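What you see is a predicted model, and the numbers here were worked out from it, not measured in a lab. First listed ligand is number 1; within each ligand, the first listed atom is number 1. Start at 1 with the first residue, then count along the sequence.
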Amino acid sequence: MSQIQRPGNFLLARIALSLTFTAACAALARAQTAPGVPTLEIQAGRIAGHVSPTLYGLMTEEINYSYEGGLYGELIRNRSFKANRTRPVYWSTVGNATISLDTNQPLNQALNVSLKLEAAPEGRTPAGIANGGYWGIPVKPDTTYHASFYSRAANGFAGHLSIALVSDDGDTTFASATVGPLSADWKEYEATLTTKRVEPSAGNRLVITTTSPGTVWFSQVSLFPPTFNNRPNGNRPDLMRILAGMHPKFLRFPGGNYLEGNSIASRFDWKKTVGPISQRPGHESPWGYWSTDGLGLLEFLEWCEDLRMQPVLAVYAGYSLNGQHISPGPDLEPYIQSALEEIEYVVGGPHTAWGARRVRDGHPAPFPLRYVEVGNEDEFDRSGSYNGRFKQFYNAIKEQYPRLQVIATTPVTSCTPDLIDEHYYLSAEAMEAGGHRYDNHPRTGPKVFVGEWAAHETSFPPWDRRSAALPPTPDMKAALGDAAWMTGLERNSDLIVMECYAPLLVNVNPGARQWRPDLIGYNALTCYGSPSYYAQAMFGAHHGDEILATQAENIPTRPWRRGGRRNGEGQSHRPRQQLDQLFFDATRDSHTGTIYLKIVNCLGTPQPVKVEIHGASVGSHGREVFLKAKSLDDTNSIDQPRNIVPVSQEVDGLGAEFTRTLPAYSISVLALKAESLQRSERRGK
Ligand code: AHR
């Protein structure tokens, strides 16, 4: 298992955030366990607010090999030889050959190091280089791969190169092609490799060899499988499909810490991520590995386009994880200018400088853009400069793009942001305790974007070493905490404009992860959704546009004490509180009249509930989707991907009043066919 590492020292601030949350949640906790059958009342005639049309979305960054070795289709690891300054890591030799990094034969300024092969083939045994990809290269049946690389040869080399997909043991060549002859100048060579009817496998390598002795240099050695929508330089189809299953409405990118970088120099510098991939220098991600930036700004936007999501564009705001910051004022101006140009790249017409650049990069149409986030988690900037930095960005963005909504990453006093991005990484119980956090939140200030959050099975933080022993994706206990929390987000989505779980993706191979839990796991061949993924997918697929007022009686509770500092007997100093074990919310699709009732049963026993719907006539027939587990630690994995999946069934016996028994440890959505009797719009629960 990987060591969990965390960039920067965030621990104290993170604990402080949790403590504030504790105080707020303790105040909301129910006083005692209530007897009797829980009754959920829905006031179908009282619209408490409107469900934000952008509520459910995705948060993404380069972490856990999310793009390289994940969503980004590239199969060659360290394709540009920049992942390590001294050694050609992830590359090996074939036959009688030596390889080394060479800074004297660069392809260009961006790819300023190349791989030097000194080949001395013996007889008919070729010599060359091989790459095993990101924990394997997936070979699938009847599949066409596009291989390409730049190469040049030393004087005197007159040979060709063979490029082949070969099993690790060397016994099977799945497909091969020959390119050349090489010349003394850099030139790009391309080949198409098509497999036959073979068993899918991952223990394979891309092998480039020659039977001629001599010296050859390589740059940007690339291998792409078919991609989603056949986009050149595109994304892995199975991962795009599983993401589409969440019905996401937006994508928050490029981070997260990945936006900020460990230092200003290693921030996400968007201009270096656009244009031909051979002109992108790449950079060290704060999560400890190299990013080629093959998935750059335009690819993020095309990802949005492919899944019909709107971009939530985070712009670098002058603060990096090592504490470096740019003071507000003239020093910040170049960064503000860069952000404005980035926005222009996204939305500008062909007659604007950066819109024209996007056209040249292959995307004539501007992208829709409504939300721009300034920085990431700037509460960690202890200099206090965010107050001034945010205002300077806010004013500049609003002046040029008055219709854009500008998101602050922490509260500021210098001006009024349109939204504040709040992050919560807490135990499942703490997320349940937060199920009512927003019920009485003021509606007068900025709206809220819950831009990163996840329920954790444990109370220790995600970067804690103990996490290394746990599976990469969460179990049912966490999914229940997620769903309880989401009922609160949805019930308050007049205020909560957007929410997205984080992190989204994890390569499950040993050594690939820096953070857990993560929503979706994968290896070179397949992917799976965690129970938390399915909870998100269920919420994303079943909501209308109206929030209905609700109230409840007899909600079962259990005593719980929030973790934290412990006394001599190992007990938490915090007061005991009663934690709800049943969570729900109700929304309606105003076009069809369908009422969606979501109920989360955190108890390990089946739970009867009485439902009373006032102000609507409700048909006896409806549909139910539920996710359930036998025990809290039940989960999915790469080997058992469908252990816990939603089940959909038709149900009878519904109406304006009915009783149903919820399965133990379950998340249910009831779709009720209803017709309104009377309506009024007023906030109130
Ligand atoms: O989601 C993982 C990290 O958690 C993000 O990069 C950062 O914003 C947060 O602290």
Side-chain angles (χ1 to χ4, degrees), residues 2-18 20-21 57-68 70-71 251-263 266-268 283-289 291 300 312-317 319-323 373-382 386 407-410 419-427 431 449-456 460-464 467-468 470 472-474 478 482 485 498-507 512-521 530 532-533 536:
S2 65
Q3 290 282 306
I4 304 286
Q5 290 173 349
R6 181 160 177 80
N9 177 13
F10 300 169
L11 189 57
L12 288 176
R14 179 71 72 199
I15 289 170
L17 186 68
S18 298
T20 319
F21 192 29
L58 307 179
M59 187 273 166
T60 179
E61 66 175 317
E62 183 59 277
I63 184 175
N64 303 321
Y65 291 84
S66 287
Y67 313 146
E68 316 251 334
L71 183 69
L251 178 72
R252 173 178 178 238
F253 66 86
N257 292 158
Y258 186 57
L259 170 73
E260 304 165 271
N262 275 337
S263 61
S266 62
R267 70 190 184 280
F268 183 85
H283 75 289
E284 187 72 38
S285 95
W287 297 103
Y289 57 93
S291 170
F300 280 114
V312 174
L313 177 69
V315 297
Y316 180 75
Y319 170 74
S320 293
L321 296 165
N322 64 359
E373 179 158 8
V374 177
N376 178 59
E377 295 189 338
D378 288 85
E379 66 273 23
F380 292 112
D381 174 6
R382 294 289 168 235
Y386 190 64
I407 306 169
T409 68
T410 191
L419 291 91
I420 309 262
D421 179 359
E422 301 184 358
H423 296 178
Y424 301 101
Y425 294 107
L426 297 168
S427 70
M431 293 307 269
F449 173 27
V450 186
E452 288 183 30
W453 67 270
H456 293 194
F460 48 79
W463 56 93
D464 189 291
S467 280
L470 299 173
T473 50
D482 292 335
W485 170 251
M498 298 180 285
E499 73 84 12
C500 43
Y501 185 105
L504 180 65
L505 296 170
V506 64
N507 185 315
R513 105 161 102 107
Q514 293 85 47
W515 187 286
R516 82 163 303 280
D518 307 290
L519 208 59
I520 295 167
S530 63
S532 295
Y533 163 82
Q536 288 277 333

*Does any donor atom in the side chain of E452 or Y425 lie under 3.5 Å from an acceptor atom in the other side chain?*
yes
*Which one holds for Y258 and ligand 1: side chain close, backbone close, both close, or neither close, with close meaning a heavy atom under 4.0 Å?*
neither
_Y258: ring pair (Phe, Tyr, Trp, His ring centres under 6.0 Å) partners, not counting sequence neighbours_ = F268, H283
_Using a 4.0 Å heavy-atom cut-off, which part of M59 comes near ligand 1: side chain, backbone, both, or neither?_
neither
*Can you tell me how far the CZ atom of R252 sits from the CZ atom of F300, to the nearest 0.5 Å?*
11.5 Å
*asked:* Please determine whether any non-hydrogen atom of G255 lies less than 4.0 Å from an atom of ligand 1.
replied: no
*Residues two or more places apart in sequence or in another chain: which of them pass ring pair (Phe, Tyr, Trp, His ring centres under 6.0 Å) with Y289?*
Y65
*asked:* Side chain or backbone, does N257 bring an N or O within less than 3.5 Å of an N or O on ligand 1?
replied: yes
_Tell me the contacting part of W287 for ligand 1: side chain, backbone, both, or neither, using a 4.0 Å heavy-atom threshold, strictly below._
side chain
*Does an N or O anywhere in E452 fall below 3.5 Å from an N or O of ligand 1?*
yes
*Looking only at distance, does H423 have an N or O less than 3.5 Å from an N or O of ligand 1?*
no
*Indicate whether any N or O donor in one side chain lies under 3.5 Å from an N or O acceptor in the other, for E499 and W485.*
no
_List ligand 1 atoms under 4.0 Å from E61, heavy atoms only on the residue side._
1 (O), 2 (C), 3 (C), 5 (C), 6 (O)
_Centroid-centroid under 6.0 Å between Y501 and W453 rings_ = yes
